[in-house]
Amino acid sequence: MTICAVYTSTQFNPTCSSISTPSKTNLGFCQRQQVVFYTKRISKRSTPCVGLITCGAGGQETVVIGLAADSGCGKSTFMRRLTSVFGGAAEPPKGGNPDSNTLISDTTTVICLDDYHSLDRTGRKQKGVTALDPRANDFDLMYEQVKAIKDGKAVDKPIYNHVSGLLDPPELIKPPKILVIEGLHPMYDKRVRDLLDFSIYLDISNEVKFAWKIQRDMAERGHSLESIKASIEARKPDFDAYIDPQKQYADAVIEVLPTQLIPGDNEGKVLRVRLIMKEGVKFFNPVYLFDEGSTISWIPCGRKLTCSYPGIKFTYGPDTYYGQEVSVLEMDGQFDRLDELIYVESHLSNISSKFYGEVTQQMLKHSDFPGSNNGTGLFQTIVGLKIRDLYEQLIASKAKSPVEAKA
Ligand SMILES: Nc1ncnc2c1ncn2[C@@H]1O[C@H](COP(=O)(O)OP(=O)(O)OP(=O)(O)O)[C@@H](O)[C@H]1O
Ligand SMILES: O=C(CO)[C@H](O)[C@H](O)COP(=O)(O)O
């Protein structure tokens, strides 16, 4: 726990200047709040002295973000874009397990929920369950540890080693400003779900997932086409039962589908990407195109945006998703020249950028990341800016409504 500042009122009672600040052991009330008022009397009849203490993890409560997706669906790429929005590079814990799944930057700590597998690779094989099955995961521990971090306490989190398939000794996770829990099940357990300040689901359609798997596992890891097909098929029932239903709880869903601009296309190279944004989420105002709440179709290709076949089409409008009101922004097609993205960016509103062209700048900075020429990169970048904005609003709101406490 860090005490950042203590002010003692001397206006009505000069002896207040001699008052000692509450000791760390006295600061039980200081676990979660960012700013706390405290009062103390020097004697029974004296005017109370009033103090203001900033406390908690680095003076702030940890904001928790959940990112759910199947394996190989772009979580790591999204995390790299998000970390970059906060201006730092994410690295594994220094001097720790080289096979750690954790990534730490100045502002964010990203933990991978694979670390809560309760069964290792052999255990799953023996029991005949996949890693997607809740029985292979320890949700009690996941809940306890995410809650502890949110409350400003460090935890010893287990590590699932993807190289050996074993559970390694735990690593220490200190409460960051923003904790991202990414993996298969961030919204599966209600207790964990309720701890999330914002949640995202990456919904990659089967056709596209297959194309990406081939790209990575066949081209980069030497797997055969048959083994990739078999692995997708083996996971599908559990994916449908336990992973996919989480999207109904997400505040934002990035849905990735084959293009509709090329009839019958199933190559998975040109993509139609939909950003589904829930209405009424505190500190999250959905992005819109031209006019909030209208239904818009826009082909930006022409003098200001170079497009080769099959072109680019944006659509925007209100919709419902699992019975909830949402706004949907869709981009079908891909950019030829990323520097021209500024033209598209200037027509989008509520993107929570800090300066004109920030989205374009981020996209250019990471033009080598997968999806930088299409809606996946664009919408991941925008969601990154929205998370930064949500974080700043949350922290500001806590500072404005401090909780009164007595020392
Ligand atoms: N937007 C994208 N466009 C094209 N290909 C992509 C995109 N995002 C991811 N991929 C492909 O999927 C692979 C996996 O991406 P990434 O490592 O970000 O996913 P992941 O969900 O973190 O995977 P895992 O859970 O297996 O570690 C990439 O190597 C790339 O081949
Ligand atoms: O779905 C997964 C999440 O990344 C993995 O398959 C799961 O974590 C098991 O890992 P491994 O295949 O390395 O034993």
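Being a predicted model, the structure only gives us computed values, none of them experimental. The figures here come from the full heavy-atom set of this structure, side chains too, leaving out hydrogens, waters and symmetry mates. As the structure lists them, so they are numbered: ligands from 1, and atoms in each ligand from 1.
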Could you check whether Arg80 makes a cation-pi contact with Phe369, meaning its NZ or CZ is under 6.0 Å from the centre of the six-membered ring and within 45° of the ring axis? yes
According to the salt bridge (Lys or Arg N to Asp or Glu O under 4.0 Å) rule, which pairs have a member within residues 308-327, sequence neighbours left out? none
Closest approach of Ala69 to Ile243 (non-hydrogen atoms, all atoms of both residues): C-CG2, 4.5 Å
Report the relative orientation of the aromatic rings in His117 and His162; use parallel for angles under 30°, tilted for 30 to 60°, perpendicular for over 60°. perpendicular
Closest heavy-atom contact between Asp138 and Leu141? OD1-N, 3.0 Å
Residues Lys157 and Gln145: side-chain donor-acceptor under 3.5 angstrom: no
Might you point out which heavy atoms bring Asn137 and Ser118 nearest each other, and give the distance in Å? N-OG, 3.2 Å
Output, or 'none' if empty, a list of ligand 1-protein atom pairs in which both atoms are N or O and the distance is under 3.5 Å, rounded to 0.1 Å.
residue: ligand 1; atom: 1 (N); partner: Thr376; partner atom: OG1; Å: 2.8
residue: ligand 1; atom: 5 (N); partner: Trp212; partner atom: NE1; Å: 3.3
residue: ligand 1; atom: 18 (O); partner: Ser76; partner atom: N; Å: 3.4
residue: ligand 1; atom: 18 (O); partner: Thr77; partner atom: N; Å: 2.9
residue: ligand 1; atom: 18 (O); partner: Thr77; partner atom: OG1; Å: 2.6
residue: ligand 1; atom: 19 (O); partner: Gly74; partner atom: N; Å: 2.9
residue: ligand 1; atom: 21 (O); partner: Gly72; partner atom: N; Å: 3.3
residue: ligand 1; atom: 21 (O); partner: Cys73; partner atom: N; Å: 3.1
residue: ligand 1; atom: 21 (O); partner: Gly74; partner atom: N; Å: 3.2
residue: ligand 1; atom: 21 (O); partner: Lys75; partner atom: N; Å: 3.0
residue: ligand 1; atom: 21 (O); partner: Lys75; partner atom: NZ; Å: 3.1
residue: ligand 1; atom: 22 (O); partner: Ser76; partner atom: N; Å: 2.9
residue: ligand 1; atom: 22 (O); partner: Ser76; partner atom: OG; Å: 2.4
residue: ligand 1; atom: 23 (O); partner: Gly72; partner atom: N; Å: 3.0
residue: ligand 1; atom: 25 (O); partner: Gly72; partner atom: N; Å: 3.4
residue: ligand 1; atom: 25 (O); partner: Lys75; partner atom: NZ; Å: 3.1
residue: ligand 1; atom: 26 (O); partner: Ser71; partner atom: OG; Å: 3.2
residue: ligand 1; atom: 26 (O); partner: Gly72; partner atom: N; Å: 3.1
residue: ligand 1; atom: 26 (O); partner: Arg216; partner atom: NH1; Å: 3.2
residue: ligand 1; atom: 26 (O); partner: Arg216; partner atom: NH2; Å: 3.1

If you compare all heavy atoms of Glu340 against all heavy atoms of Thr306, which two are closest, and at what distance to 0.1 Å? OE1-N, 2.7 Å
N/O to N/O under 3.5 Å, ligand 2 against protein:
residue: ligand 2; atom: 1 (O); partner: Arg235; partner atom: NH1; Å: 3.1
residue: ligand 2; atom: 1 (O); partner: Arg235; partner atom: NH2; Å: 2.7
residue: ligand 2; atom: 4 (O); partner: Asp114; partner atom: OD2; Å: 2.8
residue: ligand 2; atom: 6 (O); partner: Arg235; partner atom: NH1; Å: 3.1
residue: ligand 2; atom: 8 (O); partner: Asp114; partner atom: OD2; Å: 3.3
residue: ligand 2; atom: 8 (O); partner: His117; partner atom: NE2; Å: 2.7
residue: ligand 2; atom: 10 (O); partner: His162; partner atom: ND1; Å: 3.3
residue: ligand 2; atom: 13 (O); partner: Arg121; partner atom: NH2; Å: 3.0
residue: ligand 2; atom: 13 (O); partner: His162; partner atom: ND1; Å: 2.8
residue: ligand 2; atom: 14 (O); partner: Arg121; partner atom: NE; Å: 2.8
residue: ligand 2; atom: 14 (O); partner: Arg121; partner atom: NH2; Å: 3.4
residue: ligand 2; atom: 14 (O); partner: Arg124; partner atom: NH2; Å: 2.8
residue: ligand 2; atom: 14 (O); partner: Tyr160; partner atom: OH; Å: 2.6

State which residues pass side chain to side chain donor-acceptor pair (under 3.5 Å) with Arg216; sequence neighbours excluded, sorted by chain then number. none
